[in-house]
There are 2 protein chains.
Amino acid sequence: MADNRVTGQAGRRVVSTAIRQALSSGDMVPGQRLVEQELSDTLSVTRSSVREALQDLAAEGLVELVPRRGARVRVISVEEAIQITECRAVLEGLCARRAAELASAEERAELAGIGDRMRASVAQGDLSSYSVLNRQLHAAIAEMSGQKVADGLLERLKGQMVRYQFRLALRPGRPSQSLPQHLAIIEAIVLGDAPAAEAAIRVHLDSVIRELEATPGGGAPDAHEDELEGAGT
Amino acid sequence: MADNRVTGQAGRRVVSTAIRQALSSGDMVPGQRLVEQELSDTLSVTRSSVREALQDLAAEGLVELVPRRGARVRVISVEEAIQITECRAVLEGLCARRAAELASAEERAELAGIGDRMRASVAQGDLSSYSVLNRQLHAAIAEMSGQKVADGLLERLKGQMVRYQFRLALRPGRPSQSLPQHLAIIEAIVLGDAPAAEAAIRVHLDSVIRELEATPGGGAPDAHEDELEGAGT
DNA sequence: GTCGAACTTATTGTCAACAATCTGGTCAAC
DNA sequence: GTTGACCAGATTGTTGACAATAAGTTCGAC
């Protein structure tokens, strides 16, 4: 084939995003081996690019790098997922608190708008738009809080949760359970009640933790997982 | 000539720890350039090792990596230091809460012991042993909580704070201010009062934040940037 | 005397070949 | 039938040379 080989720092990003994508779409399952040569052939990049990308992903906790044995998709146990969510709870709590203190009038209005659209989505049973709004909500809160450090940590943590997020979103009755929680968060921030905002976020993520605790089996590498795309907590 | 060149993955660790050390001892100042060849000569490792170590450090937020321009020690502004401490507050709060719930009788006794020794150190004006006990306390709480994820994040955050920690500890009257806060944390955990433990940790770190806010010079702790580029010739 | 352009040097980025190591399987001995 | 050693193939780790780029410097024109 023609030598379309993407080279260098570009290649590194190609590999990194390709693996991320494959990871979140379920094309790569936890525990799966990632052979450098294979990836460099498939993606038409040099092995160096693959190596560096794998280092990046390992630093983010998405893959596990064992010396002389290569890389594999990291398995995240239910217990670890719970701990991740506990960390998210306090960090997002911090963001929500600050957002309630700092948000401008326009930002509060924007939040209220997201709340309205969430209500509508759930009413219409539109799961995918609800999930989009969900992400928007969390992103907006992080943005409004001005907490760049916390936001960075949260991005990291969420990246590790891709696998569990969509499992949860599929549970029947989940939206009707999480909607009022989301609305409570929004209301507290709009009203500028910082402690209430922090508490509301915690209530929400505590309920996520309870769902996780009810999850069967560990992060065991089921070879066959047919799962829909689309996520949300 | 004795070619003691440490090679490969070992070299990578050598570089990584050497830079960390230099960073915390003040031998390397924020903004300073890190030239690959220079480091590989000084430390007797290959340039590859240096490169990889720099990637690691960049992933941890200790150095900044600009494409085609090399690496420099990352400058952490006072504002960022405050945000880092805010994150620490909630994450350590989580750990303290769990520790209060989960600690065994022996662990509670150990904490109480640390508290006694802290009191003694401050009474004797022994700053260095107080600082050691301080680290022990935080480590013990993280350990007891079983929160591996939070602990990992905290390690990261503390790594970025080396420069400021050093400065804060030197402020006169600081120990007599922080001692009662530490004792309050210990007491809450020993008594198993989870909410109080979380609150006590927050009080403590809020006071650290107030110290940071009173730090002069918004930018780097010392005026190194200017002397870097402009001074000579 | 100052500004700008070409040149030189210092430094990082890339690559492909080579070396070291691990995995899995085969075969012989007990 | 099971255990152990050994061999072959696959995979990662390392290296040094080379290419690409940015910074610094000199020289000439105005």
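If you're wondering where the values come from, they're calculated on a predicted model, not measured in any experiment. Residue numbers begin at 1 in each chain, while the letters A, B, ... track the order of the sequences.
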Length of the line joining B:Arg47:CZ and C:dT14:C1', which is rounded to integer Å: 10 Å

If every non-hydrogen atom of B:Pro175 is compared with every non-hydrogen atom of B:Leu127, which pair is closest and at what distance? CG-CD2, 3.3 Å

Any side-chain N or O of A:Thr46 under 4.0 Å from OP1/OP2 of C:dC15? yes

Given that B:Arg68 and A:Arg68 both sit by DNA chain C, which one's nearest nucleotide is further toward the 5' end? B:Arg68

Could you check how far CD of A:Gln55 sits from P of D:dG13, rounded to whole Å? 8 Å

Chi angles and distances behind the salt bridge (Lys or Arg N to Asp or Glu O under 4.0 Å) call for B:Arg210, B:Glu213: CA-CA 5 Å; B:Arg210 273 193 299 280; B:Glu213 280 168 345; over 6 Å; no

Starting from P on C:dA10, measure out to CG on B:Asp41 and report it in whole angstrom. 14 Å

Tell me yes or no: between the side chains of A:Ser49 and A:Thr46, is some donor less than 3.5 Å from an acceptor? yes

If we ignore angles and hydrogens, is there a donor and acceptor under 3.5 Å between the side chains of B:Gln147 and A:Glu86? yes

Does A:Leu54 reach a base, just sugar-phosphate, or nothing at all? Heavy atoms under 4.0 Å. nothing

What is the separation between atom CZ on B:Arg13 and atom P on D:dT14, rounded to the nearest whole Å? 13 Å

Surrounding NZ of B:Lys158 (heavy atoms of other residues, nucleotides or ligands, distance under 6.0 Å), is the total greater than 12? yes

Length of the line joining A:Glu52:CD and D:dT14:P, which is rounded to integer Å: 14 Å

Derivation of the salt bridge (Lys or Arg N to Asp or Glu O under 4.0 Å) call for A:Arg72 and A:Glu64: CA-CA 5 Å; A:Arg72 29 194 2 142; A:Glu64 196 179 10; 5.7 Å; no

Separation of atom CD in A:Glu38 from atom P in D:dA10, rounded to whole Å: 12 Å

Just to confirm, is there a sub-4.0 Å distance from OP1 or OP2 of C:dT23 to any side-chain nitrogen or oxygen of A:Arg69? yes

Taking atom C1' of C:dC15 as reference, at what distance in whole Å does atom CZ of A:Arg12 sit? 15 Å

Can you measure B:Arg51 atom CZ to C:dC15 atom P for me and round it to whole angstrom units? 12 Å

Who are the salt bridge (charged side-chain N to carboxylate O under 4.0 Å, His left out) partners of B:Arg20, not counting sequence neighbours? B:Glu60

Identify all stems in which DNA chain D takes part, counting only runs of at least 3 consecutive pairs (Watson-Crick or G-U wobble, each distance under 3.5 Å), and give each as one range with another, ordered by first number. C:1-30 with D:1-30

Can you tell me if A:Ser48 touches the phosphate of C:dC15, counting only side-chain N or O atoms and a distance under 4.0 Å to OP1 or OP2? no

